[in-house]
There are 2 protein chains.
Amino acid sequence: MTQDAILHSLIAENLVSDPAGARGRLLREAARLFRDKGYERTTVRDLAAAVGIQSGSLFHHFRTKEEILKAVMVETIRLNTALMQAAMDAESTCHGKLRALIRAELEFINGQTGEAMAVLVYEWRSLSEASRVEVLELRDIYEQLWLDVLNAMKHQGDLKAEPFVVRRMLTGALSWTVTWYRPDGGLSLDGLTDQVIAMMGLAE
Amino acid sequence: MTQDAILHSLIAENLVSDPAGARGRLLREAARLFRDKGYERTTVRDLAAAVGIQSGSLFHHFRTKEEILKAVMVETIRLNTALMQAAMDAESTCHGKLRALIRAELEFINGQTGEAMAVLVYEWRSLSEASRVEVLELRDIYEQLWLDVLNAMKHQGDLKAEPFVVRRMLTGALSWTVTWYRPDGGLSLDGLTDQVIAMMGLAE
DNA sequence: GTTTACAAACCAAGCGCTTGCTTGGTATTG
DNA sequence: CAATACCAAGCAAGCGCTTGGTTTGTAAAC
């Protein structure tokens with residue numbers, strides 16, 4: 001299944017919004033604004049202007065501003081979990097799977113869904129308690145993909161540190177790339193993935 | 001020089017505020033509130049209430065709310081740069097220096113200055129352009145300490161990846177610990193430092 | 001050792017503005 | 001001809017910050 005096929009099957013199941021639709025376009029703009037200015041600094045007037053409607057009209061699509069934030073996060077996790085699962089399944093060895101996970105997450109963070117990923121990582125404080133629970137449940141599924149691979153590597157002796165610590169370190173390290181890495185610079189995404197593998201002393 | 005001696009010499013030079021004074025106490029509470037709720041969600045009324053004064057009285061000490069944020073950041077960098085320099089100077093080998101840097105940064109993030117460090121890392125978007133320049137200048141000094149050590153290790157062959165990439169990965173990984181690591185749990189700060197070294201394949 | 005002078009620290013009140021959101025009505029679409 | 005999508009206007013609340021006046025700490029003057 002191609003990335004595009006995965007996206008469209010999720011759209012068909014109503015798990016993510018069609019980026020071409022009104023709702024999808026709003027979520028895309030919202031992600032960009034939330035990342036650039038932060039959720040609190042982004043006003044409903046900003047959001048409305050970004051898609052060319054009046055601020056009041058937003059509330060036909062979402063009951064509250066926070067619901068927009070939650071939707072950005074939920075849809076992003078759903079899509080990226082599916083994409084990541086597919087990327088991992090294509091590999092046979094643990095080493096290959098780990099590389100696929102790192103590569104995929106770097107792509108999420110620095111590619112098309114980058115705005116939304118940054119929001120997911122850095123704006124969870126702005127979620128209400130209820131929304132937080134909902135988002136965390138989805139995140140646990142995503143995280144389990146990582147832990148399964150890292151645990152296997154630990155058993156094989158390829159990994160010296162504790163898997164859950166390593167995953168958390170990688171979460172921080174990879175998400176932080178959004179603040180400094182530019183895909184159009186001298187370092188490609190594959191090159192960046194190589195650097196992470198090398199930093200972990202796993203290069204062949 | 002002990003950590004306490006370093007702190008007091010900086011206070012004497014008027015580079016950081018005495019934590020016992022009115023200004024110091026406010027900055028401490030501000031750091032806590034900014035970390036817990038974010039800068040935007042924290043109101044001047046929150047800040048004033050935290051130190052037991054009226055909101056308007058804040059503006060005798062700081063001209064704007066943003067000046068409070070800047071002060072938290074600037075004073076934190078100044079203190080931590082001095083502490084880190086001292087921790088590094090106490091080591092002779094590159095490996096020892098790197099461990100000291102990692103250990104020190106983990107301490108900054110998860111210790112007493114933890115609130116302020118989290119603000120420094122995650123709230124820079126709320127700074128005005130002018131303040132940002134000022135803070136970045138101080139940060140460059142701090143970062144150079146890391147790069148010097150990592151460059152030396154690269155030359156010695158202990159490090160396979162690019163120093164500037166490694167530093168940025170470590171920045172993300174270490175600062176992210178604030179979201180999950182609890183010093184009173186089963187893992188000590190030294191243990192956590194060991195995990196980082198092990199993850200980099202540098203354990204002996 | 002009391003008085004006087006003065007600045008720093010603070011309070012009570014509130015101004016002007018922006019915020020998220022509501023309302024009542026009008027196009028547009030199937 | 002209903003449902004959906006939207007607009008124009010604005011409300012109530014909360015925001016950063018200002019203002020005019022009072023308390024408090026301190027140190028010289030008597």
Side-chain angles (χ1 to χ4, degrees), chain A residues 11 14 17-73 119 123-132, chain B residues 11 14 17-73 119 123-132:
Chain A
I11 293 172
N14 238 339
S17 308
D18 189 342
R23 184 186 156 100
R25 265 196 12 257
L26 172 63
L27 289 182
R28 202 181 156 76
E29 291 297 320
R32 191 179 53 81
L33 285 165
F34 290 164
R35 188 199 58 173
D36 290 348
K37 318 186 12 170
Y39 172 77
E40 296 294 333
R41 294 181 89 95
T42 304
T43 69
V44 293
R45 287 164 179 82
D46 291 335
L47 291 168
V51 290
I53 61 174
Q54 291 296 107
S55 68
S57 306
L58 276 184
F59 296 89
H60 277 273
H61 302 283
F62 299 91
R63 268 174 307 174
T64 64
K65 180 188 169 191
E66 194 226 345
E67 202 170 282
I68 300 176
L69 177 62
K70 193 182 80 177
V72 167
M73 293 185 170
V119 171
E123 296 291 341
W124 61 270
R125 231 177 8 192
S126 297
L127 278 183
S128 69
E129 198 58 45
S131 303
R132 196 133 64 196
Chain B
I11 293 173
N14 239 339
S17 307
D18 188 341
R23 184 185 156 101
R25 266 196 11 256
L26 172 64
L27 289 181
R28 202 182 155 76
E29 291 297 320
R32 193 178 53 81
L33 284 166
F34 290 163
R35 187 199 57 174
D36 290 348
K37 317 182 20 168
Y39 172 77
E40 296 294 335
R41 293 182 90 92
T42 303
T43 69
V44 292
R45 288 163 180 82
D46 291 334
L47 291 169
V51 290
I53 59 174
Q54 291 295 106
S55 67
S57 306
L58 275 184
F59 296 90
H60 276 273
H61 303 283
F62 299 91
R63 269 174 305 177
T64 65
K65 180 187 169 190
E66 194 228 344
E67 202 170 279
I68 300 177
L69 176 63
K70 193 182 80 177
V72 167
M73 294 185 167
V119 171
E123 296 291 341
W124 61 270
R125 227 177 11 191
S126 296
L127 278 182
S128 69
E129 199 57 48
S131 303
R132 196 134 61 200

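Just so you know, these numbers come straight off a predicted model, no measurement behind them.
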### Query
Do any N or O atoms from the side chain of A:S131 and from the backbone of A:L127 form a donor-acceptor pair under 3.5 angstrom?
no
## Note on the structure
Here the distance between atom P of D:dT19 and atom CD of B:Q54, to the nearest Å, is 18 Å
### Message
Distance check needed: D:dT18 P versus B:F62 CZ, whole Å only.
### Response
15 Å
### Task
Round to the nearest Å and state the distance from B:L69 atom CG to D:dC17 atom P.
12 Å
### Message
What's the closest nucleotide to the side chain of A:F59 if the choices are D:dG16, C:dC21, C:dC10?
### Response
C:dC21
### Query
Contact class for A:T64 vs. all strands (heavy atom < 4.0 Å): base, sugar-phosphate, or nothing?
sugar-phosphate
### Query
Between B:R63 and B:R41, which has a closest nucleotide on DNA chain D that is more 5'?
B:R41
### Gap between atoms CG and P, on A:L58 and D:dT4 respectively (whole Å)
18 Å
### Task
Check the distance between D:dC6's P and A:L26's CG and give it to me in whole angstrom.
10 Å
### Summary
Atom CD1 of B:I68 and atom C1' of D:dG16 are separated, to the nearest Å, by 11 Å
## Note on the structure
Taken to the nearest 0.5 Å, the spacing of A:R63 CZ from A:I68 CD1 works out to 12.0 Å
### Query
When you check the gap from the basic side-chain N to the acidic O, do A:K70 and A:E67 get nearer than 4.0 Å?
no
### Task
Round to the nearest Å and state the distance from A:H61 atom NE2 to C:dC21 atom C1'.
15 Å
### Task
Identify the two heavy atoms, one from B:S126 and one from B:E66, that lie closest to each other, and give their separation to 0.1 Å.
O-CG, 4.1 Å
### Task
Round to a whole Å and report the spacing from CD1 of B:I53 to P of C:dA12.
12 Å
### Query
For B:Y39, is the NZ or CZ atom of B:K65 found under 6.0 angstrom from the centre of its six-membered ring and inside 45 degrees of the ring axis?
yes
### Summary
Nearest heavy-atom contact between B:K37 and B:D46 is NZ-OD2, 2.9 Å
Report each atom pair, protein N/O against N/O of nucleotides 28-30 of chain C, whose distance is under 3.5 angstrom.
none

### Message
Counting only side-chain heavy atoms from C-beta out, which of D:dC6, C:dC10, D:dC17 sits nearest to B:K65?
### Response
D:dC17
#### Entry: Close residues, residues 42-51 of chain B, relative to DNA chain D [heavy-atom separation under 4.0 Å]
B:T42, B:T43, B:V44, B:R45
### Query
Mapping A:E40 and A:H60 onto DNA chain C by nearest heavy atom, which one lands closer to the 5' end?
A:E40
### Query
Hey, is the main chain of B:R125 close enough, under 3.5 Å, to the side chain of A:R41 for a donor-acceptor pair?
no
### Query
Can you find a side-chain donor-acceptor pair between B:S55 and B:R45 that sits under 3.5 Å?
no
### A:L58 CG to A:I53 CD1 distance, which is reported to the nearest 0.5 Å
4.5 Å
### Message
Can you see if the side chain of B:S57 gets near the phosphate of C:dC11 - specifically, an N or O under 4.0 Å from OP1 or OP2?
### Response
yes
